[in-house]
Amino acid sequence: MSFSTLGLSDAIVRAVTEQGYTSPTPIQAQAIPAVLNGGDLLAGAQTGTGKTAGFTLPILQLLSSDKAGQALKNKTAPRAIRALVLTPTRELAAQVEESVRVYGKYTNLNSAVIFGGVGINPQIKLLKHGVDVLVATPGRLLDHAGQGTVDLSRIEILILDEADRMLDMGFIHDIKKVLALLPPKRQNLLFSATFSDDIKALADKLLNNPHAIEVARRNSTVEVIAQKIHPVDRDKKHPMLSHLIKENNWHQVLVFTRTKHGANKLVEQLGRDGIGAMAIHGNKSQSARTKALAEFKDGSLQVLVATDIAARGIDIDQLPHVVNYDLPNVPEDYVHRIGRTGRAGATGEAVSLVCVDEHQMLKDIEKLIKQTLPRHVIPGFEPDPTAKAQPIQLRSGAPGHANRGGRPGGRGGQGQSRAAGAGGNGGGNGGRPANAGGSRPAGANGGNRNGSNASRGPRTGSAPRRDR
Ligand code: AMP
């Protein structure tokens, strides 16, 4: 199958071909015709499946080929925002907008991205200039709406990307507020990796007789990711990681830690071992995040240490190694994490350093992925068989305070309160002037327009995600 047989124009097919993509991925093959048909869409797909092009290509096609699109060509009408993409994080917003630009380069459409944590004035300028496709995180979009610097009255297509993450991060109220600002007659596309009751409720409210598609969870089907568990003592994780990196000559390693503090500490420890590492998490300024990501992508930074939310949406082609330095609190995050590697047919390796405290978490993960992961003890790092599990420290600098319901490694009932502790200052870069360089604002998450998201109410049923 080719992109042109899906009904895309030459201008769009040309841009896609230039990216080296010759055939659509399964989500693209299904989503593109469905969106071109004009109806609502409910799509189950996660990062790495090609979902971004799955909605970007058809919306560019729709917007460039209709009357208004033609008028743009003839420069007979001012621009109006006709498509709005909402995303949970700054990185994802930036990536989606980049895709819109890349795929739309031979159309007359333009795009912009807006999010919090950077100066609002450059964004106001961009919006004033006229934008066809706007990619935004919800909070900053509402800021603009509140001060009358964005006009959402002409939206024809709304896309909620990674809707499950937006709900996890407590954005439901913001999303509802945005919805209230949109014209009632529009096309709605909802993309989500998972379908909780909350997502179903949102879909019911938002979508009108949607076409539903779902592509297999990438990581349950893609066997190209070699997964391995290295049992290790709690205090030997850092030497083990340095050993693995040096011994195997790993050059591009994405390492996940549970907390921001843990990420910073590990960066220092690796540095002392002569391994170049940087951290990316919600307490880092946008310029630091952008720099770390750029250096990691171009291969000049050996190790990127990230927390889950910060890493969400990071798209690195052919990332060879993902390390779970700590297992994630939420089993689903394991799937998201390891999905950073082994993309688009490349082989990848995901290793997890698991200490006695994390055995229950590992069990939960294995239950979710329906696999028992191979254990591989590394000589010299044999774990102490008599070691006792200790409560997992979920927040930085508060030893023993937040455990998983008091049950070592268990699934605690304190999710709501402890998550706030883990990321209570996730809004540390709120209000900072734009510093990412370039004319386009880049960076920051949307929900955090006051520089703190502590006010964002937790949603019921799942821990709010505050560590960005
Ligand atoms: P996404 O799921 O949108 O994050 O995309 C995951 C990765 O797949 C990105 O690096 C895309 O550039 C890449 N990609 C998108 N469409 C295709 C395609 N048709 N063939 C191969 N790779 C693709």
Side-chain angles (χ1 to χ4, degrees), residues 1-8 12-36 41 43-61 85-105 111 113 133 135 159-166 189-194 213-222 224-225 252 254 293-294 296-299 306 309-320 322 335-348:
M1 194 188 293
S2 71
F3 283 99
S4 48
T5 58
L6 293 176
L8 296 170
I12 291 171
V13 174
R14 193 170 146 209
V16 175
T17 312
E18 278 182 11
Q19 292 306 301
Y21 308 146
T22 45
S23 53
T25 64
I27 188 79
Q28 291 162 1
Q30 295 177 69
I32 292 169
V35 177
L36 289 177
L41 178 72
Q46 52 180 296
T47 309
T49 52
K51 69 178 170 63
T52 313
F55 63 78
T56 304
L57 301 178
I59 65 173
L60 286 168
Q61 163 89 9
V85 186
L86 290 183
T87 75
T89 64
R90 52 182 93 170
E91 277 79 14
L92 185 61
Q95 280 179 196
V96 169
E97 199 260 347
E98 166 86 29
S99 294
V100 174
R101 253 184 294 152
V102 166
Y103 298 134
K105 70 192 268 201
S111 57
V113 59
V133 179
V135 185
I159 301 97
L160 297 188
D161 193 15
E162 301 200 354
D164 49 349
R165 277 288 147 154
M166 285 201 273
L189 320 177
L190 187 152
F191 283 74
S192 185
T194 54
I213 56 178
E214 180 149 20
V215 293
R217 289 184 76 84
R218 183 180 65 247
N219 302 308
S220 56
T221 53
V222 177
V224 292
I225 305 172
Q252 206 181 25
L254 178 60
L293 196 54
F296 186 62
K297 276 187 178 184
D298 74 20
I309 294 295
R312 182 73 182 165
I314 290 179
D315 179 23
I316 299 157
D317 278 344
Q318 313 205 331
L319 174 65
V322 168
V335 179
H336 292 305
R337 287 178 176 190
I338 70 161
R340 308 283 128 209
T341 186
R343 309 182 107 179
T347 52

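Numbering of ligands and ligand atoms starts at 1, following listing order.
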- Message: Tell me the nearest of G50, G20, A53 to atom 8 (O) of ligand 1, using heavy-atom distances.
- Response: G50
- Task: Within a distance under 4.0 Å of any heavy atom of F3, pick out the atoms of ligand 1 and give their elements.
- Result: 19 (N)
- Query: Can you tell which of T52, L60, V85 makes a side chain to side chain contact (heavy atoms under 4.5 Å, CB included) with V100?
  - Reply: L60
- Task: Give the atoms of ligand 1, by number and element, whose distance to some non-hydrogen atom of T25 is under 4.0 Å.
- Result: 17 (C), 18 (C), 19 (N)
- Task: Select one of side chain, backbone, both or neither to describe which atoms of Q19 lie under 4.0 Å from any atom of ligand 1, heavy atoms only.
- Result: neither
- Query: If you take all heavy atoms of G54 and A31, which pair is closest and at what distance?
  - Reply: O-CB, 3.8 Å
- Task: State, with a plain yes or no, whether a side-chain heavy atom of V35 is found less than 4.5 Å away from one of Q61.
- Result: no
- Does any N/O atom on Y103 come nearer than 3.5 Å to any N/O atom on ligand 1? no
- Go through ligand 1 atom by atom and flag the ones less than 4.0 Å from a non-hydrogen atom of T49. 2 (O)
- Task: Just jot down the ligand 1 atoms closer than 4.0 angstrom to any heavy atom of T52, in number order.
- Result: 1 (P), 3 (O), 4 (O)
- Item | pair M166-L160: side-chain heavy atoms closer than 4.5 Å | yes
- Ligand-side contact atoms (ligand 1) for residue partner S23, heavy atom cut-off under 4.0 Å: 18 (C), 19 (N), 20 (N)
- Message: Looking at ligand 1, is there an atom of it that comes within less than 4.0 Å of some heavy atom belonging to A45?
- Response: no
- Query: Who passes side-chain contact (heavy atoms from CB on, under 4.5 Å) against A43, sequence neighbours left out?
  - Reply: I27, L41, F191, I213
- With a 4.5 Å limit on heavy-atom distance, are the side chains of Q30 and E214 in contact? no
- Item | side-chain hydrogen bond (donor to acceptor under 3.5 Å, both in side chains) between D164 and T194, worked out | CA-CA 6 Å; D164 49 349; T194 54; 2.7 Å; yes
